[in-house]
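Keep in mind that what you see is a predicted model, and the values were worked out from it rather than measured.
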Amino acid sequence: PRPPAPPSPPAAEALAAAGVPPERVAGQLLAATPTYDAWTVRWLLDNIDAVAGRDPVIAVDLLADATASESISDEDRDAIAVRRVRWLFRLGRRPEAEARAVLATTRDVEHAAEMRLLLARLTYHGGDAAAAIADLRRAEQDPSLPEFWKARYQTLRARFERTGLNDLDTAARTATAALKQATSVADPKATADALQELWYVATVHRDHTAALAHVDRALAAIADDPDLAVPQLDLLDNRTFTLQNLDRLTEASDTVARMRILATRLDRKSVV
């Protein structure tokens, strides 16, 4: 049987209760080298993204420390390992071994789906677009795969077809199928991603009217989700480019103003 975890470090719990920034609590946990009781694990899972937003290196170190602990449950270790892989990737590292380790042990279909998508991205970034596309096609055939993940795989495949193989026609067909799939399961992220791919294709074909329709629909899909503020910035940038091509400069300036307001909100949120 797994040994019981000692209590969480009192200083870390006191800091959290006092409402100090989460990166300070994380620093205290690292300094105390805790074994992970229920409070520490729950705090980590609830706050690690906020920590990483300010200091991703501390976040990755703390996640590594947690995955090495013998006192946490397999389910919690799985969730922590997924977050570690996610943030290693965002730091520009190549966590293939870590992602495959999660795939080998996880019983969570969502975790497995995310790791397969990330591994396809790593393969693509390694210069093999065809292999990445093939991996995504195989992943889509998994009968246990949630439907919205199929849409996300298809959207990423469209991006690889467009940028890796320079095959705009195939990318457009794949993105259209992804959009249909994403709409049917009401997944805002997959919907916006598929529409952004269609925006790219329309822009390359200089059909800026169609491009504007795609980007506006994408923005509407994620407008109410504060967790998708960064993709909103990307889409607003796309919209500005399209409006400039349509010689609608006043609207383009208004869109830039929207970007500034959103960027300011994101910056303020990061320091709260």
Side-chain angles (χ1 to χ4, degrees), residues 49 52 78-79 81-90 92 94-96 98-100 102-103 106-126 128-165 167-168 170-202 214-215 217-235 237-238:
D49 287 343
D78 191 46
V82 166
R83 284 163 174 77
R84 180 167 180 255
V85 172
R86 189 183 296 160
W87 280 104
L88 284 170
F89 179 75
R90 291 177 185 176
R94 297 189 57 84
E96 292 103 330
E98 293 88 345
R100 294 190 187 282
V102 172
L103 272 177
T106 188
R107 297 181 181 180
D108 188 305
V109 294
E110 298 257 2
H111 290 166
E114 182 178 351
M115 293 301 98
R116 291 191 182 104
L117 185 142
L118 187 143
L119 285 166
R121 285 180 170 174
L122 289 170
T123 298
Y124 175 80
H125 292 164
D128 196 340
I133 290 167
D135 288 344
L136 289 169
R137 286 185 182 279
R138 281 192 295 272
E140 289 171 34
Q141 304 309 310
D142 183 349
S144 69
L145 186 70
E147 291 299 311
F148 74 87
W149 275 107
K150 291 182 181 179
R152 293 184 183 187
Y153 286 169
Q154 288 172 340
T155 300
L156 187 61
R157 180 156 57 86
R159 186 174 304 171
F160 293 167
E161 289 163 349
R162 173 177 60 81
T163 59
L165 302 183
D167 188 344
L168 288 178
T170 300
R173 288 192 295 270
T174 304
T176 300
L179 178 60
K180 181 179 180 180
Q181 180 79 15
T183 303
S184 71
V185 296
D187 181 3
K189 183 181 187 316
T191 298
D193 287 348
L195 285 162
Q196 189 172 36
E197 287 307 308
L198 292 172
W199 172 86
Y200 275 112
V201 173
H214 292 318
V215 76
R217 187 177 169 192
L219 282 163
I222 61 174
D224 297 328
D225 191 336
D227 292 332
L228 296 177
V230 173
Q232 284 183 52
L233 278 175
D234 290 339
L235 289 167
D237 186 45
N238 297 158

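- Counting only heavy atoms from C-beta outward, the side chains of R152 and D193 never approach each other to under 4.5 Å.
- Judged as a side chain to side chain contact (heavy atoms under 4.5 Å, CB included), and not counting sequence neighbours, the contacts of R217 are L179, T183, L195.
- Remark: R121 fails to qualify as a cation-pi partner of F89 under the 6.0 Å distance and 45° angle criteria applied to the six-membered ring.
- Among I222, V230, L228, the single residue meeting the side-chain contact (heavy atoms from CB on, under 4.5 Å) criterion with L235 is I222.
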Validation: residues 131-138 side-chain donor-acceptor distances under 3.5 Å, sequence neighbours left out:
from, atom 1, to, atom 2, distance (Å)
D135, OD1, R138, NH2, 2.3

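- Residues N238 and Q196 bring a donor and an acceptor atom of their side chains to less than 3.5 Å of each other.
- Residues P146 and V185 fail the side-chain proximity criterion, which asks for heavy atoms closer than 4.5 Å.
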### Step-by-step salt bridge (Lys or Arg N to Asp or Glu O under 4.0 Å) determination, D142 to R116
CA-CA 11 Å; D142 183 349; R116 291 191 182 104; 3.5 Å; yes
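- Remark: the backbone N or O of A79 is paired with a side-chain donor or acceptor of R83 at under 3.5 angstrom.
- Counting all heavy atoms, side chain and backbone alike, G164 lies closest to A129 at CA-CB, 3.8 Å.
- The two atoms that bring A202 and H214 nearest to each other are CB-CD2, 4.2 Å, heavy atoms only.
- Other residues, nucleotides and ligands contribute over 12 non-hydrogen atoms within 6.0 Å of the CZ atom of R94.
- The distance from the CD atom of E161 to the CD atom of E197 is 9.5 Å, given to the nearest 0.5 Å.
- Residues T155 and A194 share a closest heavy-atom pair of CG2-N, 3.6 Å.
- Nearest approach of S184 to Q181, heavy atoms of both residues: OG-O, 2.7 Å.
- Looking at every heavy atom in both residues, A175 comes nearest to A158 through N-CB, 3.8 Å.
- The shortest distance between side-chain heavy atoms of L156 and Y124 does not fall below 4.5 Å.
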